[in-house]
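Residue numbering restarts at 1 for every chain, and letters A, B, ... go by the order of the sequence lines. Just so you know, these numbers use all the heavy atoms, side chains as well, and skip hydrogens, waters and symmetry mates.
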Amino acid sequence: MYEFYYLCTLLDYLIIMKNFKRYLVTSALPYANGPVHIGHLAGVYIPSDIYTRYLRLRGRDVIHVCGSDEHGVPITIKAKKEGVTPQQVVDRYNAIIKESFRRFGISFDIYSRTSSPTHHQTASDFFRKLYNEGQFIEQTTEQYFDPEANQFLADRYITGTCPKCGAEGAYGDQCEKCGSTLSPTELINPRSAISGAQPILKQTKHWFLPLDKHEDFLRNWILEQHKEWKPNVYGQCKSWLDGGLMPRAVSRDLDWGIPVPVDGAQGKVLYVWFDAPIGYISATKDLTTDWEKYWKSEDTKMVHFIGKDNIVFHCIVFPAMLRAHGGYNLPENVPANEFLNLEGQKISTSRNWAVWLHEYLDEFPGKEDVLRYVLCANAPETKDNDFTWRDFQARNNSELVAIFGNFVNRALVLTQKYFNNQVPKRGPLTDFDKQTMEQVVALKTEIEQNIENYKFREALREMMNLARVGNKYLADTEPWKVAKTDMERTATILNIALQITANLAIACEPFMPFTSDKLLMMLAKEPFGWEQLGSFDILETAHTLGKAQLLFDKIEDEAIEAQLLKLEAAKSANAEATVE
RNA sequence: GGCGAGGUAGCUCAGUUGGUUAGAGCGCAUGAUUCAUAAUCAUGAGGUCUCGGGUUCAACCCCCGAUCUCGCUACCA
């Protein structure tokens with residue numbers, strides 16, 4: 001028994017000591033059939049950006065890769081509907097998505113796309129290697145074919161009457177009325193969801209990745225070695241593994257995508273879920289010729305940021321692919337988030353129930369960090385959360401303006417007033433001064449530990465506590481009173497308040513980079529490193545500060561009401577469309 | 001239908017292996033304060049931990065059942 005515990009402790013020690021020299025951070029590839037909305041941001045891109053910015057500030061070797069996922073059936077349908085080519089569809093959305101990420105300060109080292117030549121080459125080579133090594137199973141099956149649209153139909157794109165409950169409009173894979181799992185051939189009176197034609201059965205050959213061959217490995221790797229993964233991620237993996245893995249098709253009959261690179265595969269492309277995660281690899285190749293060390297050196301830590309709907313692909317399928325290929329690292333963690341709702345309803349691209357990033361950026365110029373703050377503070381880390389415009393307003397006005405912005409403004413205005421905008425000299429410290437300084441040091445550790453454990457909401461709260469400590473410090477020391485009798489003591493107080501402000505500029509950078517930049521400008525300083533957080537010698541005595549400005553503005557009711565009206569309009573437009 | 005995750009204060013969320021009085025922020029109330037964007041600071045009120053059983057000296061936590069939300073269910077992405 002004693003030995004057992006000893007062994008566990010030793011094991012923990014080794015895991016903690018596992019010394020990663022570099023990091024590879026991936027963010028789920030947005031699907032290029034629509035713009036990015038707040039759900040994507042809260043679930044994936046804000047957490048991954050905070051994580052990456054934090055690591056960079058600490059001077060770590062880290063790259064953050066992403067790109068547009070541009071293949072698959074929905075894009076071809078959208079193209080057909082609009083009378084344009086699939087390439088035109090993805091060109092349009094790739095441009096919108098990429099530009100909105102840039103404006104929002106999501107700091108990818110590269111934002112690539114799966115229609116790029118590099119990606120086509122990489123994915124083809126990947127497939128061909130597995131094919132040549134006999135890692136696939138070939139199987140010919142009968143599949144529904146739409147004679148009008150002249151294409152095979154995925155199960156999702158066949159509708160008909162449910163054989164179990166008789167409901168109309170059941171899908172080929174599932175009836176949403178009774179919840180039964182179906183196979184397309186069971187449907188009564190099947191119809192193509194694309195053309196409405198009656199589909200016919202036709203033979204087709206496909207390649208399958210035998211996940212069952214990797215089951216033992218995956219079971220041990222996830223269930224034994226990654227017990228620290230989030231409950232939703234671990235639970236879903238366990239569910240799949242306990243059910244027994246089956247071969248999974250990795251090709252599709254479609255004319256949009258990466259052609260299956262073997263003889264006799266005319267009209268077949270790689271399944272998007274086979275090619276999309278390889279997109280992380282191609283993106284890295286597009287970034288650097290030195291890409292292999294990020295994917296193949298064992299001292300690289302790979303982390304996939306995704307939403308909960310992608311867990312299986314990132315924890316089971318992609319790792320199985322990487323292992324089948326050989327030579328690649330597997331992810332160290334996959335911190336999948338839950339979903340964000342909007343005003344109590346599911347976000348929906350097709351129903352236009354969303355707050356679109358590119359529209360937000362136009363309608364709230366200069367307020368990138370407000371959205372970053374609100375979405376992080378309310379991120380769906382453990383369960384689905386709700387975004388409301390009232391909450392957005394409240395968090396801006398009573399947290400960012402009242403606590404953060406107000407503290408900074410107080411410290412700077414007092415310095416202007418009493419010390420001609422120069423950092424005053426710090427004299428002897430009181431116990432309260434020392435206590436306050438200790439609190440700042442303690443917050444550093446809290447923020448670090450929370451970010452490293454993917455608890456970004458809590459990390460953000462701790463960052464805000466820095467401003468709270470500052471406000472309390474000023475309230476308790478009352479420099480505006482002390483200034484009447486004791487300028488030396490006033491100097492010490494304001495020195496400490498300014499050092500806290502400088503600490504804030506460091507601590508807020510991963511979460512609110514625009515605010516950090518503004519703060520640095522106001523302090524007239526170049527960016528600090530993370531290691532300076534907790535220090536009270538960041539600003540040297542007599543350093544002249546820059547011009548003070550307000551960090552955050554109040555958001556008035558009108559702006560919020562305009563957004564609510566906009567959502568109402570989307571709702572009625574949608575209701576009308578349904579009636580027609 | 002099966003499986004997974006979740007349901008804790010008015011709102012948004014914490015709650016470590018079961019252990020005294022279940023915590024935080026916002027909101028609300030009262031007081032203090034006036035350097036600051038009516039911003040801050042202190043104090044306080046506010047809980048049948050979704051519901052019903054069970055195990056235990058002791059349950060938000062473990063077990064059984066019900067219920068609601070979301071996800072997955074292998075060709076939607």
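With hydrogens and angles ignored, no donor-acceptor pair under 3.5 angstrom links the side chain of A/Arg156 to the base of B/C76.
Rounded to whole Å, atom P of B/C76 lies 10 Å from atom CD of A/Gln143. Straight-line distance from the CD atom of A/Glu338 to the C1' atom of B/G71: 7 Å, rounded to whole Å. B/C70 atom C1' lies 15 Å from atom CD1 of A/Ile306, rounded to whole Å. Atom CG in A/Asn232 sits about 9 Å away from atom P in B/A5, given to the nearest Å. Distance A/Asp155 CG to B/A77 P: 11 Å, rounded to the nearest Å. Summarising the geometry, the separation between CH2 on A/Trp240 and P on B/A5 is reported as 16 Å, rounded to the nearest angstrom. Rounded to whole Å, atom P of B/U40 lies 15 Å from atom CZ of A/Phe404. Atom pair A/Lys238:NZ and B/A5:P shows a separation of 9 Å (rounding to whole Å applied).
Pairing partner, B/C49: none, since no Watson-Crick or wobble contact has both distances short of 3.5 Å. Across the strands present, B/U55 finds no partner; the criterion is a Watson-Crick or G-U wobble pair with both atom distances under 3.5 angstrom. Across all strands shown, B/U67 pairs with B/G7; the Watson-Crick or G-U wobble distances both stay below 3.5 Å. With a cut-off of 3.5 Å on both pairing distances, B/U20 has no Watson-Crick or G-U wobble partner at all. Under the Watson-Crick and G-U wobble criteria, each requiring two contacts below 3.5 Å, nucleotide B/G1 is paired to B/U73. Figure legend. B/C28 is base-paired to B/G44; pairs are counted as Watson-Crick or G-U wobble with both atom distances under 3.5 Å. A 3.5 Å limit on both hydrogen-bonding distances identifies no Watson-Crick or G-U partner for B/C35.
When heavy atoms are screened at a 4.0 angstrom cut-off, A/Lys346 is found touching the sugar-phosphate backbone but no base atom. Within 4.0 Å (heavy atoms only), A/Lys417 reaches sugar-phosphate atoms of the nucleic acid but no base atom. Residue A/Leu551 is in base contact, counting any heavy-atom pair closer than 4.0 Å across all strands shown. If you check every strand for non-hydrogen atoms under 4.0 Å, A/Leu474 touches nothing. Residue contacts shown for A/Asp391 are absent, as no nucleic acid heavy atom lies under 4.0 Å away. Residue A/Ala154 is classed as a base contact, given a heavy-atom separation below 4.0 Å to a base. At the heavy-atom level, A/Pro231 lies under 4.0 Å from the strands shown only through sugar-phosphate atoms. Heavy atoms of A/Asp242 sit nowhere under 4.0 angstrom from any nucleic acid atom. Among the heavy atoms of the strands lying under 4.0 Å from A/Gln174 is at least one base atom, whether or not backbone atoms are also near. When heavy atoms are screened at a 4.0 angstrom cut-off, A/Asn471 is found touching the sugar-phosphate backbone but no base atom. Base engagement by A/Phe552 is indicated by at least one non-hydrogen atom pair under 4.0 Å involving a base atom. Across all strands, A/Arg395 comes closer than 4.0 Å only to sugar-phosphate atoms, never to a base (heavy-atom distances). As judged by a 4.0 angstrom heavy-atom cut-off over every strand, A/Val272 is placed among residues touching the sugar-phosphate backbone only. Among the protein residues, A/Val233 comes within range of no part of the nucleic acid, since none of its heavy atoms lies under 4.0 Å from any strand.
Relative to the side chain of A/Val312, the nucleotides B/C72, B/U37, B/C41 differ in distance, and B/C72 lies closest. The listed nucleotides are B/U40, B/G7, B/G71; the one nearest the side chain of A/Gln236 is B/G71. Of all nucleotides listed (B/A74, B/U33, B/G4), B/G4 comes nearest to the side chain of A/Ser239. Of the candidates B/C76, B/A42, B/G1, the closest approach to any side-chain atom of A/Thr181 belongs to B/G1. Nearest to the side-chain atoms of A/Tyr271 among the listed nucleotides B/C70, B/A39, B/A77 stands B/A77. Nearest nucleotide to the side chain of A/Ser398, out of B/U33, B/A74, B/G27: B/G27. Among B/G4, B/C41, B/C76, the nucleotide with an atom closest to any side-chain atom of A/Asp476 is B/C41.
Nucleotides B/U20 and B/G52, compared at atom C1', are 28 Å apart to the nearest Å. Spacing of C1' atoms, B/A58 relative to B/A42, comes out at 37 Å, to the nearest Å. Taking the C1' atoms as reference points, B/G18 lies 37 Å from B/A29, given to the whole Å. Across B/C28 and B/A45, the matching C1' atoms stand 9 Å from one another, rounded to whole Å. Straight-line distance between the P atoms of B/A14 and B/A36: roughly 38 Å, to the nearest whole Å. The gap from the C1' atom of B/C26 to that of B/A9 amounts to 12 Å, rounded to the nearest Å. Here the separation of B/U55 from B/G65, taken at their C1' atoms, is 15 Å to the nearest Å. For the C1' atom pair drawn from B/A5 and B/G19, the interatomic distance equals 28 Å after rounding to whole Å.
Note: A/Phe145 and A/Phe152 have perpendicular aromatic rings, judged against thresholds of 30 and 60 degrees for the angle between ring planes. Using bins of under 30°, 30° to 60° and over 60° for the plane-to-plane angle, the ring pair A/His37/A/His40 lands in the parallel bin. Taking the six-membered ring for Trp and thresholds of 30 and 60 degrees, A/Trp389 and A/Phe392 have ring planes more than 60 degrees apart, a perpendicular arrangement.
Using a cut-off of 4.0 Å between Lys/Arg side-chain N and Asp/Glu carboxylate O, A/Asp384 and A/Lys346 are scored as not salt-bridged.
For A/Asp386 and A/Phe208, each mapped to the nucleotide of RNA chain B holding its nearest heavy atom, the one lying further toward the 5' end belongs to A/Asp386. Residue A/Tyr234 is the one, among A/Ala411 and A/Tyr234, whose nearest nucleotide of RNA chain B lies closer to the 5' end (criterion: closest heavy atom).
Here A/Phe305 and A/Tyr45 keep their ring centres 6.0 angstrom or further from each other.
Applying side chain to side chain contact (heavy atoms under 4.5 Å, CB included) to A/Pro247 and the options A/Leu211, A/Leu209, A/Asp212 leaves one that passes, A/Asp212.
A side-chain donor-acceptor contact under 3.5 Å links A/Asp433 and A/Thr430.
Among residues two or more places apart in sequence or in another chain, the side chain to side chain contact (heavy atoms under 4.5 Å, CB included) test is passed with A/Val260 by A/Phe127, A/Trp207, A/Ser251, A/Val262, A/Ala265, A/Lys268, A/Leu270.
More than 12 non-hydrogen atoms from other residues, nucleotides or ligands lie less than 6.0 angstrom from NZ of A/Lys78.
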Would A/Phe313 and A/His304 satisfy side-chain contact (heavy atoms from CB on, under 4.5 Å), going step by step from the backbone distance to the final call? CA-CA 11 Å; A/Phe313 296 102; A/His304 295 312; over 6 Å; no
